[in-house]
Number of protein chains: 4
Amino acid sequence: MAGSLVERTLARPSFEAAFAAPAFVRAMLAFESALAAAQAAEKLIPAPAATAIAAACSSLRIDADALVAEGKRSASLAVPLVRLLREEVARASRDHAAHVHLGATSQDVLDTAAVLCLKPCLEETDRALEAAVRSLARLARAHRASPMPGRTLMQPALPITAGLKVGRWAVALAQDRERLAEAAQAGLAVQLGGPVGALEPFGERGPAIRHRVAMALGIADARAWHVHRNAWIDLLGRMAQVVATAGKIARDVSLLAQPEVGEMLEAAPREGVGASSAMPHKRNPVGCTHALAAAIRMPGLLATVHAGAIAEHERALGGWQAELAVVPQMADALGGSVDFLEIIASGLVVNAARMKANVVASGAEVPAASLESAVDDVLADLAPYLT
Amino acid sequence: MAGSLVERTLARPSFEAAFAAPAFVRAMLAFESALAAAQAAEKLIPAPAATAIAAACSSLRIDADALVAEGKRSASLAVPLVRLLREEVARASRDHAAHVHLGATSQDVLDTAAVLCLKPCLEETDRALEAAVRSLARLARAHRASPMPGRTLMQPALPITAGLKVGRWAVALAQDRERLAEAAQAGLAVQLGGPVGALEPFGERGPAIRHRVAMALGIADARAWHVHRNAWIDLLGRMAQVVATAGKIARDVSLLAQPEVGEMLEAAPREGVGASSAMPHKRNPVGCTHALAAAIRMPGLLATVHAGAIAEHERALGGWQAELAVVPQMADALGGSVDFLEIIASGLVVNAARMKANVVASGAEVPAASLESAVDDVLADLAPYLT
Amino acid sequence: MAGSLVERTLARPSFEAAFAAPAFVRAMLAFESALAAAQAAEKLIPAPAATAIAAACSSLRIDADALVAEGKRSASLAVPLVRLLREEVARASRDHAAHVHLGATSQDVLDTAAVLCLKPCLEETDRALEAAVRSLARLARAHRASPMPGRTLMQPALPITAGLKVGRWAVALAQDRERLAEAAQAGLAVQLGGPVGALEPFGERGPAIRHRVAMALGIADARAWHVHRNAWIDLLGRMAQVVATAGKIARDVSLLAQPEVGEMLEAAPREGVGASSAMPHKRNPVGCTHALAAAIRMPGLLATVHAGAIAEHERALGGWQAELAVVPQMADALGGSVDFLEIIASGLVVNAARMKANVVASGAEVPAASLESAVDDVLADLAPYLT
Amino acid sequence: MAGSLVERTLARPSFEAAFAAPAFVRAMLAFESALAAAQAAEKLIPAPAATAIAAACSSLRIDADALVAEGKRSASLAVPLVRLLREEVARASRDHAAHVHLGATSQDVLDTAAVLCLKPCLEETDRALEAAVRSLARLARAHRASPMPGRTLMQPALPITAGLKVGRWAVALAQDRERLAEAAQAGLAVQLGGPVGALEPFGERGPAIRHRVAMALGIADARAWHVHRNAWIDLLGRMAQVVATAGKIARDVSLLAQPEVGEMLEAAPREGVGASSAMPHKRNPVGCTHALAAAIRMPGLLATVHAGAIAEHERALGGWQAELAVVPQMADALGGSVDFLEIIASGLVVNAARMKANVVASGAEVPAASLESAVDDVLADLAPYLT
């Protein structure tokens, strides 16, 4: 969730909302509720306690500022959350309050909540990627034989076709989509390990409880990953790959949208989009700006996550906290890329006449039929998206 | 300004507030108001227009969500802000509205606002650094001759004294403080250049107007730095240096606070501080956590700023926007470090007996008088802080 | 391949050699030779030309300094290499020289050579990971029930067993190994696309030629990935994950090797290892140093690769070149981690008595049988390595 | 010093040489020799011992591979170097050998050697910056009134003049030069502290010895900075600023050199420069490639240095070693930027006719005289370079 106004201007509202205070609190409470239910199902706590905890999770109203202020003193949001939840349960029944958060630790709540908040962002990304690939694949097919300059090191090389260029973008996004989905299966996993990750307060019922929590929350079951976070980091790295691909496409589009080049626009000019505060006539490539700002931010965020992974013993001092602070920003960068993909999916303008003119001006010949097989090869990969 | 709850838990409230929506909007309006006043003083616009604009800047109520939503469409918060301000002015006088934001561009507003928001954070940092240096200097003097193991590559080397270690921390912070203050003089500068940075709408009065704006806002005057941002980046880099020093001290303290070592605590145990959600007996080094989380985040943020500096032509596409999004996060990282420095300034616990015992246990001799001159040399540097 | 003496001190000799000048030249020539053979097999060039090219690739002696000097002028090593190879072929037969590098571009040579150089490093890493997992798994089994303090935020939490800690390290490495192998399958792919990646000089035989080159070089076939490099970046990211896990283990070991803790040593003291130039009695944890230096370097390198991926059009200006310069350094960081893993695989010292004493000193109870199921759960994952 | 062939292709030969094995060994020996001389002057060791050590430093022949192999075992090059030097001295006189490296530690040798190797690179950078600023300033003056499109967010905004654009580049470089020189004064300092940085083996003569060493080596005197490295990091950060400015200029030039834009070339086409292995007609912007590859690598390197600064106690485990490995790479990135600056200083081609045509084509008016004062303001800053 973006913080500052400028950061928010670059963020996708639904992704912002996914990590905003209400959603994160909801996710933490969903964890506590699912934990109690699982413990009741495994006879670790009385069923009425689980019911009371679930009710309290629904009725509890949290003041985010107060939560933050108290969480700061323990370097953990979970400490005040659990206290507030215990008090809420105790209002109904003092006996049940002791069953809140039983055997769990702060990291269990916070990691699982981060997973729950990221999940809808990834689902939305998957849909946006699918739509973008579909749209770009169709565009590639339509411009299968439209010649344009191929450019290397920012200089005209030999001609290609617009279909080849756009088709390659589409294939790259399709591959990113697959890799992201694969990593999400392993990376969106429950965290439940207790104080030192061994589930020892639950005895032999530990794995069963954890499995139930995972199922209830709709995420994968996995052994505690508190200090060995590579499945999760793998997922974050693949988010970064989507952002990089979108950034690459945005760089291409912004170069092609220079009026001296004039071969593409991210979208047809629309009133109020891309406006300048100084020059009313100007139309800025807003989508490209978002995608490139995301692509410039993401490498540093990914580096932070890797740096934070050098965790001390059974819970890191600083590294884990830095990572959790950075994950919502990675989601925001992904959201900015998704925004861009939606813009080009619905509106990318291709100027075939100008492309051809630029080929001719470069002194190159219009590409021979030999390019067709290259385009068809790319389109073949996109067949599932061309139905 | 931190966004997510977790990020906020790591943030210093006053630094959060400095970049929060109300403060940033206020800073943008302060720019517009100062601009109009300067233009009136230079006879570029009528004095009543400046008065009307100043009044509108005071009376205008901005809905941050709406501002963000509209700003997203132009990749610039300034576009909707200027529109709203013009409308507010027009409500009083249609004629004056045309004088709003005259000759300025979005980047002028946004860069200057970022500078204005960062300024109080740096002033607070300066005071906190001074207090920390004073406190640590006194502690160094008090433990001038308290032997403790010197440790290299995480193994005992030869003994030092606690005064030497703590004194070195203090000197490092004092030097960081000087470097930060020096960079702030150049880096906290007005941005005013207009559409392409040339101040050309103002004719020959451009520099005079810019100077007046800078004076009114209490920041340095400087030629437009829209795409050559190294004075500003230098300042951000020096913020990173403070964070690195605080991180180094926090690493030392956290190592010394291991019970097997037992030589220091960041603060005496206090009720409710450093609590664990799973283990009531435990006291976590919360200040160290904040300082280390900040130090782990900062390198990636600094890298982003440098990556964003490769700006295209007269205004960057993506790089500048990424930088502005990152600056509040750098302030937050600095704030987390300041929090830590305040904690140790007021409460660092030194266990001289344990230090000495560890020296003896390491088989080393208690340090000879030869160390005294090293300590005195360090203390001499700290003399201004030992009055 | 490491450059400076200091960097070389951190590097693994076999990994250095894999990217050293002779190996990289050999890899570039292997590409040219395989290309000619494939083109001959597909009747694009005469078979004798391929034979002559293969012979020239064997006989050619390259002066690395001259190659670099000339390559610098074109920002491409391939330009002088191809020239030299053509001249070598021409010495035998002027006619055949025209068939050298036919239809290929610099990036084809350089990317494929980088892949060929990385391949043996990954194979060696795979073997080292397997050996490390085997060794750590046995150690975990042996210390299945040896109590030691679990530590969170650098403070004792509840006890665990050494088997649990070491077993978790082993599982993490085993998972990293799988992920790395998976990514290597896609990421170690031939690059062959010609000037704009379309293989158009080869007409319809393009894919067949590329396939033959890949088979001859023992790497995967793939469509040109010149500007959509995510399969390759995915592989580099997974190398970074191995480095992060090794770094995490090294941090644990170095913390446990503090004499005040005394629970582990990376290896029993040996003459001449870990020596200090100032203190003859001292033994530094050299393996941990290498692993941690690697883990500190890797995030910045991975960030560079992601930053470089925002490629312009059909070949990047700067980003691709930066990436290729960084890949050997990533291999070096991986090599430093592999060195560390070999050290602990063969020599990690566990001091169970000291662990138990520290548990007792922390006031905790020696862990109940409830931990056993957690350890057994971890060991079950390691079963394939415990045969 | 660059390692791999690709990295070397991006490196400046003189900067490579500055950190190459012979130079680094020479620098380490210069330290040892200066140390002995200073100790003799301060009566800590006999004068003949210093003479013998100086002689041995001259006569000693070091095999870099063997040094690295042995240095790897201690994670320190200084350990084998000191051993070899002692043996060399002992060959002449066994008595003197004990005086080698007296009271110093590995880090003293290595840090000081890194400083000595960086020094000539910075001197060369200073000269190149001066020449570049002079050349660009003249060009700015010559094109003081040549209109060209100002471009923001990659779209034409209002016109500027070429003099304004080039003059701004020049001012930015001139400011970078000043900042770099200032940081070099503090950052190029001797490291001499002994095992724990306290100079205690030297007693009261410590500071005097250190001062003599610094003077002999031509660098600044400073208290041991082994774990508080911000003066040094500040210098590295300012190197990064030069690289960023060069990268920004290279991005501009490469955009302007697109044939569709046609406003600038980094240099007039020359035989053999910018050649392509696939397309003989093509001329790639080689200088821009080097500058941009440097600018893409530098942020990650700077991040590494900051990450490594979180040093443990009196000597870091991993962080310091990572930093020293990265410093030569930062010098290489700087060298690549200097290469680019030299190219444009001697050859930047400005096509005023094309610029004007692009202004007209953008529908803008040729800039009014109002721009002149902006240009003159910039040129005034450059007056010292326009003599």
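Side-chain atoms are counted along with the backbone in the values below, which use heavy atoms only and exclude waters and symmetry mates. Just so it is clear: chains get the letters A, B, ... in the order the sequence lines come, proteins before strands, and each one is counted from 1.
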query: Which atom names give the shortest non-hydrogen contact between A:Lys72 and B:Ala11, and what distance separates them?
result: NZ-O, 2.8 Å
Any side-chain heavy-atom pair of B:Val6 and A:Phe19 under 4.5 Å: no
query: So which part of B:Arg83 gets closer than 4.5 Å to some heavy atom of chain A, the side chain, the backbone, both or neither?
result: neither
message: Under 4.5 Å from any heavy atom of chain A, what part of B:Glu312 do you find: side chain, backbone, both or neither?
response: side chain
query: Under a 4.5 Å heavy-atom cut-off, does chain A meet the side chain of B:Pro201, its backbone, both or neither?
result: neither
Passing candidate, side-chain contact (heavy atoms from CB on, under 4.5 Å) with A:Thr9, options B:Leu324, B:Leu77, B:Leu110: B:Leu77
query: Nearest 0.5 Å, what's the CZ-CG distance between A:Arg315 and B:Asn284?
result: 9.0 Å
query: Just how far is it from atom CD of A:Gln329 to atom OG1 of B:Thr304, taken to the nearest 0.5 Å?
result: 9.5 Å
- line: Scanning both residues in full, the closest heavy-atom pair of A:Thr289 with B:Ala75 reads CG2-CB, 4.0 Å
field: Toward chain A, the part of B:Leu67 with a non-hydrogen atom under 4.5 Å
entry: side chain
message: What part of B:Leu317 gets within 4.5 angstrom of chain A, counting heavy atoms only: side chain, backbone, both, or neither?
response: both
query: Between B:Arg8 and A:Asp65, is a side chain to side chain contact (heavy atoms under 4.5 Å, CB included) present by the stated rule, with each step listed?
result: CA-CA 9 Å; B:Arg8 291 188 62 198; A:Asp65 288 341; 2.8 Å; yes
query: Heavy-atom distance under 4.5 Å to chain A: side chain of B:Asp108, backbone, both or neither?
result: neither
